[in-house]
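Just so it is clear, the values below take in all heavy atoms, side chains as well, and ignore hydrogens, waters and symmetry mates.
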Amino acid sequence: MDVLKDIFTIHLVLSALRLASPIALVALGETFSERVGIINVGVEGTAVLGALISALVAYFTGSPWIALIAAPIAGGLAGGLHALWCIRFRANHVVSGIGINILVAGLALFITSSVWGWRGTSTYSDTINTWYITGAALVIIIVSQIFLFRTKWGLRLRVVGEKPEAADTAGINVHRTRYIYTILNGVLCGLAGAFFFNSVGRFTSGMVGGRGFIGIAAMVIGNYTPVGALGAALLFGFIDALQMRLQSFIPSQFSIMLPYLLTVLVLAFFIRRANVPAALGKHYVKQ
Amino acid sequence: MLKRSTLLREMGITLLSITLAFGIGAFIIWAAGFSVSAVFINLWKGAFGGKLAIGQTLTKATPIIFTSLSFLIAFRCGLFNIGAEGQMYIGAMVAAVVGAHLHLPIVLHVVACLAAGGLAGAFWGWIPGYLKAQRGVNEFVSTMMLSYVAIGFSDYLVAPRGPLHDDKYWANQTVRIAATAALPRILKPTQVSMALAVAIFFALLVWYYLFRTPAGYELRSVGLSPPAAEYGGIRIKRKLILALSLAGLLAGLAGSGEVLGTHFRFIGRFSPGYGWDGIAGGLIARAHPIGAIFAALLMGALRAGGMQVQRSGAAPGDIAAVLQGLVIFFIIAPTLVRTLIRWRRR
């Protein structure tokens with residue numbers, strides 16, 4: 001029992017909340033983009049980009065606050081690129097997202113080697129307290145829930161993902177709406193990337209470690225709602241926090257596996273798929 | 001099958017995409033303050049400049065042929081297998097165990113190792129296939145997650161004090177496989193082995209399966225239109241499970257080939273990302289099994305060339321990974337290159 005007392009403490013709850021925030025941000029972003037019909041599996045790479053740009057800007061300006069602004073901007077650019085590819089060039093959404101992940105992975109290694117001389121890692125810089133990002137994430141999620149279901153803009157964006165033809169007829173610009181929310185997805189993922197950078201103080205190429213993909217899982221389990229995404233993210237954040245505690249009790253290779261294994265199990269047992277947007281992943285061609 | 005003119009146009013667009021990607025890559029190299037010509041000369045030298053270089057390219061291309069096939073066979077069924085990396089590790093581990101601890105005559109031992117490694121990989125692909133068909137679990141996320149699990153598990157097995165660790169060395173690796181289990185080297189002194197021939201054989205086999213058998217036709221029709229396939233009497237769930245199992249099998253063979261032909265043992269974290277290269281290879285090949293051979297050669301050449309760029313000090317070798325990412329980006333936007341061609345004609 002003493003072992004359990006050592007594991008389950010108030011610190012565990014707090015670190016669960018903290019670790020949930022980047023997953024929640026990614027899940028929220030993906031909720032927005034999938035609600036307008038754009039699948040973006042490039043969220044993993046976008047978060048890596050956010051962390052990388054944070055490290056670069058913090059290194060060159062010396063200011064972690066400027067880095068905090070730069071990361072979401074870089075993420076937004078990646079989101080815009082994905083939107084351009086999916087909408088203008090009609091690329092398969094999943095394939096374009098994979099492209100972002102692979103390109104960013106390559107860029108991360110190349111840039112770290114070029115700037116710091118170390119493959120895949122940066123030097124340490126000043127950081128901000130990650131609780132700022134966690135707090136901001138909570139506020140953004142509650143505002144998003146209201147925005148999505150209680151405002152006319154929320155209704156419009158949901159129509160675009162559900163029935164783009166109807167949205168078009170009603171005078172909503174389908175493509176513009178899709179661009180806006182796919183870019184917003186990128187911005188939120190960039191912020192998640194900034195969280196990863198600030199929680200360590202430097203960039204390492206494996207630091208996001210699949211948490212972007214876990215964010216997609218959280219969006220699915222949260223059933224395409226911001227508050228649902230937060231709930232699922234809290235579960236994954238808790239698993240992540242628990243994993244770190246368990247490292248002193250079981251071989252670390254096993255505890256590191258835990259979040260990934262549990263993500264698959266959670267997806268297998270807790271799935272509800274009521275709110276999948278009807279036009280998800282489909283290209284819209286104006287008649 | 002594609003008509004000859006369509007095939008030629010597709011190949012033209014692919015080559016143009018690669019050229020465009022290298023153009024942007026040159027700009028990045030220049031912007032980062034490196035010599036563009038030095039990078040490209042070393043890239044070429046490392047990939048094709050002499051027997052040793054070609055050996056490197058072919059060695060690296062071999063597992064990528066398998067992982068490209070792994071990605072594309074699932075893709076043809078409308079699925080995304082992102083977990084080839086983990087399936088490859090599972091296959092490699094099992095092949096290494098069978099290779100070291102089973103005593104069989106020559107040839108038979110190799111076949112047993114390949115079969116065991118392939119089946120182990122197939123099992124690791126079957127899990128997400130089953131979850132997709134029965135529980136609707138997004139295979140993109142599950143294959144990825146299971147990949148992390150597989151790699152973590154292999155780390156545990158070969159770490160010091162792990163059950164498969166070779167106690168004679170500090171390194172995280174298993175004992176050496178028996179001589180009877182080794183695939184012969186075919187381009188000495190380089191590491192190119194018969195695994196390359198096996199890979200090409202499987203590329204032909206996958207092509208035959210997909211385009212010349214009723215079962216392959218059914219698999220592709222699920223990818224093209226699930227409702228139409230179901231209407232045609234195809235049991236979709238079975239096909240989904242089969243496609244991901246076959247994808248796992250091919251990735252498992254990639255790992256087995258690495259153990260039997262390149263390293264002669266399982267080495268922890270032996271892959272520099274061959275599973276990811278397979279996604280790139282499958283996409284660049286536009287999901288065509290024969291194209292996968294050439295796409296894998298391109299990926300292998302980039303890896304081998306990147307190493308030479310690193311050695312020469314012209315730039316970080318990871319510029320090759322950037323080039324790879326750029327190539328994918330242009331390949332996947334079919335209307336982009338066409339738009340550019342139209343602009344020029346205007």
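- Side chains of B/Tyr156 and A/Ser252 form no contact here, defined as non-hydrogen atoms less than 4.5 Å apart.
- Summarising the local packing, CZ of B/Phe27 is surrounded by 12 or fewer heavy atoms from other residues, nucleotides or ligands at distances under 6.0 Å.
- Among B/Leu131, B/Ile328, B/Ile319, the residue making the largest number of heavy-atom pairs under 4.5 Å with chain A is B/Ile319.
- Heavy-atom distances place both the backbone and the side chain of B/Phe329 under 4.5 Å from chain A.
- Between A/Trp116 and A/Tyr59, a ring centre-to-centre spacing shorter than 6.0 Å is recorded.
- Interface residue A/Ser114: backbone and side-chain heavy atoms are both found under 4.5 Å from chain B.
- A tilted orientation is assigned to the rings of B/Tyr89 and B/Phe270, their planes being inclined by 30° to 60°.
- Looking only at side-chain heavy atoms (C-beta outward), A/Gln243 and A/Ile256 come within less than 4.5 Å of each other.
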Would you sort out whether A/Ile87 and A/Tyr284 count as a side-chain contact (heavy atoms from CB on, under 4.5 Å), showing the intermediate values? CA-CA 8 Å; A/Ile87 298 166; A/Tyr284 178 65; over 6 Å; no
Please assess B/Phe266 against B/Gln173 for the test side-chain contact (heavy atoms from CB on, under 4.5 Å), listing each intermediate value before the final yes or no. CA-CA 6 Å; B/Phe266 178 88; B/Gln173 56 187 31; over 6 Å; no
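- For A/Ile214, the parts lying near chain B are the backbone and the side chain together; criterion is any non-hydrogen pair under 4.5 Å.
- Contacts of residues 89-103 of chain A with chain B at a heavy-atom distance below 4.5 Å involve A/Phe89, A/Arg90, A/Ala91, A/Asn92, A/Val94, A/Val95, A/Ser96, A/Ile98, A/Gly99, A/Ile100, A/Ile102, A/Leu103, listed in sequence order.
- At a 4.5 Å heavy-atom cutoff, the contact between B/Phe34 and chain A is made by side-chain atoms alone.
- With respect to B/Lys60 and B/Asp277, no salt bridge is recorded, no charged nitrogen being found less than 4.0 Å from a carboxylate O.
- Residue-environment remark: CZ (A/Arg176) stays at or below the threshold of 12 foreign heavy atoms within 6.0 Å.
- A/Glu30 places a side-chain heavy atom less than 4.5 Å from the side chain of A/Asn40.
- Contact annotation: the side chain of A/Phe238 never approaches that of A/Leu234 to less than 4.5 Å [non-hydrogen atoms, C-beta and beyond].
- The candidate from B/Ile332, B/Leu323, B/Ile331, B/Ile82 with the greatest count of non-hydrogen atom pairs under 4.5 Å with chain A is B/Ile332.
- With contacts defined as side-chain heavy-atom distances shorter than 4.5 Å, the pair B/Ile151/B/Arg269 qualifies.
- Using non-hydrogen atoms only and a strict 4.5 Å limit, the part of residues 73-81 of chain B facing chain A consists of B/Phe75, B/Phe80.
- Applying side-chain contact (heavy atoms from CB on, under 4.5 Å) to B/Phe330 and the options B/Thr14, B/Leu16, B/Ile24, B/Ile284 leaves one that passes, B/Ile24.
- Both the backbone and the side chain of B/Val149 come within less than 4.5 Å of a heavy atom of chain A.
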